[in-house]
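Some notes on the structure that comes next.
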Protein chains: 2
Amino acid sequence: MFDIRHLRYFLAVAEEGNVTRAAEQLGLQQPPLSQQIKALEQELDVQLFRRKPRGMELTDAGRALQVDAKHILGHMAKARAKVERTARGEQGNVVVGFTSSAPFHPFLPRLFRLFGERFPHVSLTLEEHGTTELVEGLRAETIDAAFVRSPVAESHGLSVHAISIEPMFVALPNNHPLAPVPGVDNFPPLALEDLADEPFILYRRHTGPGFYDLIIAACNRAGFTPKIAQEAPRLISTLNLVAAGLGVTLAPESLRSLQLEGVAYRSLKSDPGLTAPLNLACRAVDHSAAARRFVEMARAEARATKAAKEDGGNNNA
Amino acid sequence: MFDIRHLRYFLAVAEEGNVTRAAEQLGLQQPPLSQQIKALEQELDVQLFRRKPRGMELTDAGRALQVDAKHILGHMAKARAKVERTARGEQGNVVVGFTSSAPFHPFLPRLFRLFGERFPHVSLTLEEHGTTELVEGLRAETIDAAFVRSPVAESHGLSVHAISIEPMFVALPNNHPLAPVPGVDNFPPLALEDLADEPFILYRRHTGPGFYDLIIAACNRAGFTPKIAQEAPRLISTLNLVAAGLGVTLAPESLRSLQLEGVAYRSLKSDPGLTAPLNLACRAVDHSAAARRFVEMARAEARATKAAKEDGGNNNA
DNA sequence: ACATGGCATATAAATATCATATGGATAATG
DNA sequence: CATTATCCATATGATATTTATATGCCATGT
């Protein structure tokens, strides 16, 4: 097999039409270049040049090779660049998983947009799954990073980064006695114990245990055990069931932006234990450079967002 | 610069996921293969594999390279094949020139068709020029082979192959006294001296001196000097001028197939000196393999045609 | 005729590649 | 828990390939 050097040498001679000048340009002497050209011709068993007293002239076969040789060299240069970009995390693919509630948080679309601008050669693959599947996916390396709402255990080679902590709000059917009257503002925050006798609709525990347990625990702290009317497979489904009048639920702040027919929202008296975290989980080691870039950017953006918010709340810090 | 060998080695390891087995498959020992992989990684300044106790696993950068490496190797194989085909004359381009009268000879379309079937990767470029330009073109290597009607001098590095020798016929205006009456067959061949007083229309001498001189010479042999009424720039134009009643002309047999309004044809008493040769001229040396193939096929086909004709005329030879 | 430009050949040195032998690390097994 | 097996990395000497120097040969142009 002939190699790249042969092609480089060949191209130089083809373009100069002169071994001596080509050798000069390649930084070697004329005899070895003549030899290498001859070796290439023997390897291909084809005459590539006609030797003329004034220099070398391509044969038809040589001209045919010239075209391909250029392409191949170009292709190699491109391959090299691609490899290097990939290694720097500037090219590749990152599989981002998230639970059903995560994409309503404005952080995600913003991050995706920013990442796409900063790393245009990295494609993002988005996958929605339950928390359990997400963690499995991280382990199995089918997912590179996952937005989850529960505090996934850091053990087992996963690391978890806090992105945001949101307060929860209450979602009630429109016609519920505790629902705010439309048009009237400034309803005071509800206390959790006001909901002691209400049927609760919760996100199915086995899909995402974090939320479920969080709410149960908060209710217990508030002095009651909630009555579970129904479990829903996705966080949004709980709101649909609320709309149907089957009960009430608690949901993180960011879900408030979607205005569902028949659902009324009320804030909740703050309970430091009852918050909806948004976390980004990834493998502690073994991630691709592109995935690393993604997580880095997510953390930086989360810090920036948090700083901006604190600054906004406390302007003369 | 890394070369093809590196890529071959890399691909083998990438596909086996195991240096030892890859080495075996490549027909070398494990240590040098390990070394070459390492060398490639250093050259690219990128880690291509993760070393695991069970073997080697591609990194993202490695995966990126794997794709390109396959393409590049495939491209090299294709380039090699193309060069070899070109050298064998099975790929390329042949520039075929011809004078204006040549394409009416059935030999040309037949040859073009046969050649296209036999050498599908060779493209033919057809160019019509005067004989002078054709010869210049052959010299300047802008034309590879040329069909001419005159016996081009073999000297000056050109070789000429006889393709066909056609008798000439007389073209007369429809209303000429010598013109055959339509509907009546079997007009005897005219003798050249019958045309002694007719105005002649001839193919312009400087465009293609062969024909011109041939006719003048034949007339001289027949005992008269023809009266040149007009010269035409192309052989077909002479027939058009005949149609316009400006005179008579002589043309090779194959032109008889085009039936022009106002032109009548009569055969001519055979004169061994007054024939229209169809010749194929090419450079004696220095032709591409594809051009060589073309000329070879033309000569073979000419021989076959001649044999068939002789056989047809003299069936019990 | 002679000088010039340019490729080919010969030989020796430098470099790259390979095989053999061996070390070290991790996972599977008794 | 020690042992074995597997597999990659390193060291070193051998071999092959590539390069440089010196020189020859041929055609061209003056």
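Proteins get letters first, then strands, A, B, ... in listed order; numbering begins at 1 in each.
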*Given D:dT6, is OP1 or OP2 found less than 4.0 Å from the side-chain N or O atoms of B:Thr20?*
no

_With a cut-off of less than 4.0 Å, is there a side-chain N or O of A:Arg54 near OP1 or OP2 of C:dG6?_
no

*asked:* Taking the basic N atoms (NZ, or NE/NH1/NH2) and the acidic carboxylate oxygens, is any pair closer than 4.0 Å for A:Glu43 and B:Arg80?
replied: yes

*Under 6.0 Å between ring centres, would you say that holds for B:Tyr9 and B:Phe2?*
no

Side chains of residues 63-73 of chain A: which donor-acceptor partners sit under 3.5 Å, not counting sequence neighbours?
from: A:Arg63; atom 1: NH2; to: A:Asp60; atom 2: OD1; distance (Å): 2.9
from: A:Asp68; atom 1: OD1; to: B:His75; atom 2: NE2; distance (Å): 3.3
from: A:Asp68; atom 1: OD2; to: B:Lys82; atom 2: NZ; distance (Å): 3.3

*Nearest whole angstrom, please: distance from the P of D:dT17 to the CD of A:Gln35.*
13 Å

_Once you apply a heavy-atom cut-off of 4.0 Å, does B:Phe49 come out as touching a base, just sugar-phosphate, or nothing?_
nothing

*OP1 or OP2 of D:dC8 under 4.0 Å from side-chain N/O of B:Lys52*: no

_Counting only side-chain nitrogens and oxygens, does A:Arg51 get under 4.0 Å of the OP1 or OP2 atom of C:dA8?_
yes

*A:Gln30 side-chain proximity, nearest of C:dA8, D:dT19, C:dG6*: C:dA8

*Minimum-distance nucleotide to B:Pro32 side chain [options: C:dT17, C:dA19, D:dT18]*: C:dA19

*Among C:dG6, D:dT19, D:dC8, which nucleotide sits nearest the side chain of A:Gln36?*
D:dT19

_With a cut-off of less than 4.0 Å, is there a side-chain N or O of A:Asn18 near OP1 or OP2 of C:dG5?_
no

*Out of C:dC7, D:dA9, D:dT28, which nucleotide sits closest to the side chain of A:Pro53?*
D:dT28

_A:Glu41/A:Arg50 salt bridge by N-O under 4.0 Å criterion_ = no

